[in-house]
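It should be emphasised that the depicted structure is a prediction, and the values quoted were computed from it without experimental measurement. The figures here come from the full heavy-atom set of this structure, side chains too, leaving out hydrogens, waters and symmetry mates. Order of the sequence lines fixes the chain letters, A, B, ..., with proteins taken first and strands second; residue numbering starts at 1 for each chain.
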There are 2 protein chains.
Amino acid sequence: MAVDRDHVLRSAAALLARKSTATMDEVAKAAGISRATLHRQFSGRDALVRALESLCIAECEAALDAARLEEGSVQGALRRIVVEIEPVAGLLAFLYTESQLFEGEGQNEGWTKVDARIAALFRRGQENGELRIDLTPAWLTEALYGLVASAAWAVQEGRVAAREFPYMIVELLLGGALRREES
Amino acid sequence: MAVDRDHVLRSAAALLARKSTATMDEVAKAAGISRATLHRQFSGRDALVRALESLCIAECEAALDAARLEEGSVQGALRRIVVEIEPVAGLLAFLYTESQLFEGEGQNEGWTKVDARIAALFRRGQENGELRIDLTPAWLTEALYGLVASAAWAVQEGRVAAREFPYMIVELLLGGALRREES
DNA sequence: CCAGGGTGAGACATTGATGTATCAAATGCG
DNA sequence: CGCATTTGATACATCAATGTCTCACCCTGG
């Protein structure tokens with residue numbers, strides 16, 4: 001029977017989210033298969049990471065779809081994004097740092113599309129007056145990734161409560177830390 | 001003549017900020033010394049990273065001192081922190097991810113002190129009414145690190161302008177992305 | 001000038017992860 | 001049941017980074 005490729009990917013994602021330097025051997029064990037079989041599915045660590053990247057991109061796209069970016073306020077859409085993306089936050093954080101070391105290589109095509117969709121949302125917010133215009137969509141996008149990764153790690157190490165995950169990110173990203181009088 | 005240890009550390013910091021997987025050989029070359037001499041100064045990569053960590057902690061402490069955290073508004077202090085910390089942002093980002101893979105080990109003592117000072121600043125802001133109280137100081141601290149690291153990478157890859165570095169971080173962290181009527 | 005410590009260059013062994021190959025056992029299918 | 005494919009276990013080769021050592025060289029201080 002063909003090995004459950006999807007199950008292997010998800011096990012690997014879960015493991016690498018916790019321990020980004022895990023060995024192929026550990027990845028195999030985590031998936032409950034032998035290293036040989038793992039290697040038959042993914043010829044090398046690079047292939048595995050690329051597959052994880054594709055998976056993550058697909059899930060992000062799905063999350064963006066589910067968040068219905070064009071619908072309603074940008075604020076609401078952003079809240080939905082973060083909620084939808086929470087399950088892949090760990091994997092996202094792993095890939096976020098992993099991609100730091102692909103120097104010249106140029107990142108996976110798929111990300112540019114995800115980035116573009118998120119940036120477009122921020123741009124829409126700026127155009128309809130919901131968002132301030134002095135922070136560029138590119139930076140807001142980057143900041144969103146950064147906050148998601150930070151939150152994932154902070155939760156992992158117990159520095160913040162897991163249940164607060166979406167709230168913390170969205171509230172900070174949208175509202176900032178300053179106290180406001182009711183607007 | 002004894003090798004300039006500080007120069008070696010700073011070269012290494014600059015290199016590793018760009019390429020976190022750089023070899024000891026590359027680090028040595030970057031500092032203009034041989035691998036043998038590098039190894040005489042720092043017996044192994046671990047020792048080098050630990051030394052960089054100490055350096056970074058010291059610089060962060062110095063930045064916090066220079067930012068005069070107790071003086072004036074929390075908002076102002078935070079702006080000063082980010083400005084002061086910008087020169088070490090790259091190194092900070094490197095260590096931030098590097099520390100993700102020290103699983104059990106427990107992080108360097110020094111960080112807890114830096115964390116505590118920053119968290120205390122946020123707490124002061126909550127107590128004097130400047131900051132909202134529904135985002136914990138721990139999360140705000142974490143978010144600050146995350147945003148600094150994100151900004152450092154984004155600048156490095158040219159996705160955002162370097163001159164905007166402090167502005168982007170502080171404005172987002174304090175004010176959030178939402179547009180406001182004058183407060 | 002000369003002695004000595006530090007340095008650079010290179011050789012060498014080690015280590016850990018990885019890629020590769022083989023073979024017996026298990027599993028599923030006709 | 002018997003065959004074919006897949007898997008697990010294992011052994012082996014490779015490879016890169018590292019730790020270690022040696023030795024000639026240079027520079028400086030005495």
### Query
Taking for each residue the nucleotide of DNA chain D bearing the nearest heavy atom, is the 5' side occupied by B/Arg45 or by A/Ala36?
A/Ala36
### Message
Nearest to the side chain of B/Thr37, heavy atoms from C-beta on, is which of D/dA9, D/dT18, C/dG8?
### Response
C/dG8
### Message
Below the 4.0 Å mark, does C/dT7 have OP1 or OP2 next to a side-chain nitrogen or oxygen of B/Ser34?
### Response
no
### Query
What integer distance in Å separates B/Leu38:CG from D/dT18:P?
10 Å
### Message
Between B/Glu84 and B/Arg68 (salt bridge meaning N to carboxylate O under 4.0 Å), is one present in this structure?
### Response
no
#### Entry: Between P of D/dG19 and CG of B/Leu48, the distance in whole Å
10 Å
### Query
Checking salt bridge (charged side-chain N to carboxylate O under 4.0 Å, His left out) for the pair A/Lys19/A/Glu26: CA distance, chi angles, key distance, verdict?
CA-CA 10 Å; A/Lys19 184 180 176 185; A/Glu26 298 174 288; 3.0 Å; yes
### Task
Starting from C1' on D/dT6, measure out to CG on A/Asp4 and report it in whole angstrom.
15 Å
### Task
Take atom CZ of B/Arg5 and atom P of C/dT7, then tell me their distance rounded to the nearest Å.
13 Å
### Task
Tell me, please, which residues at least two apart from A/Ser54 pass side chain to side chain donor-acceptor pair (under 3.5 Å).
none
### Query
Within this structure, what is the NZ-to-P distance between A/Lys29 and D/dT7, rounded to whole angstrom?
17 Å
### Query
Taking N and O atoms by type only, does the side chain of B/Arg35 place a donor or acceptor under 3.5 Å from a partner on the base of D/dG19?
yes
### Message
When you measure from the side chain of B/Arg179 to the backbone of A/Arg132, do you find a donor-acceptor pair of N or O atoms at a distance under 3.5 Å?
### Response
no
### Separation of D/dT22 C1' from B/His39 NE2 (nearest whole Å)
15 Å
### Message
Please compare A/Thr21 and B/Arg40 by the position of their nearest nucleotide in DNA chain C and report the one closer to 5'.
### Response
B/Arg40
### Task
Dump the intermediate steps for salt bridge (charged side-chain N to carboxylate O under 4.0 Å, His left out) on B/Glu171 and B/Arg79, then the final yes or no.
CA-CA 9 Å; B/Glu171 284 303 314; B/Arg79 287 180 200 282; 3.0 Å; yes
### Query
Between D/dG19 atom P and B/Gln41 atom CD, what is the distance in whole Å?
15 Å
### Task
Report the distance from atom CE of A/Met24 to atom C1' of D/dG8, rounded to the nearest whole Å.
16 Å
### Task
Assign each of B/Ile33 and A/Ser43 to its nearest nucleotide of DNA chain C by heavy atoms, then name whichever residue's nucleotide is nearer the 5' end.
B/Ile33
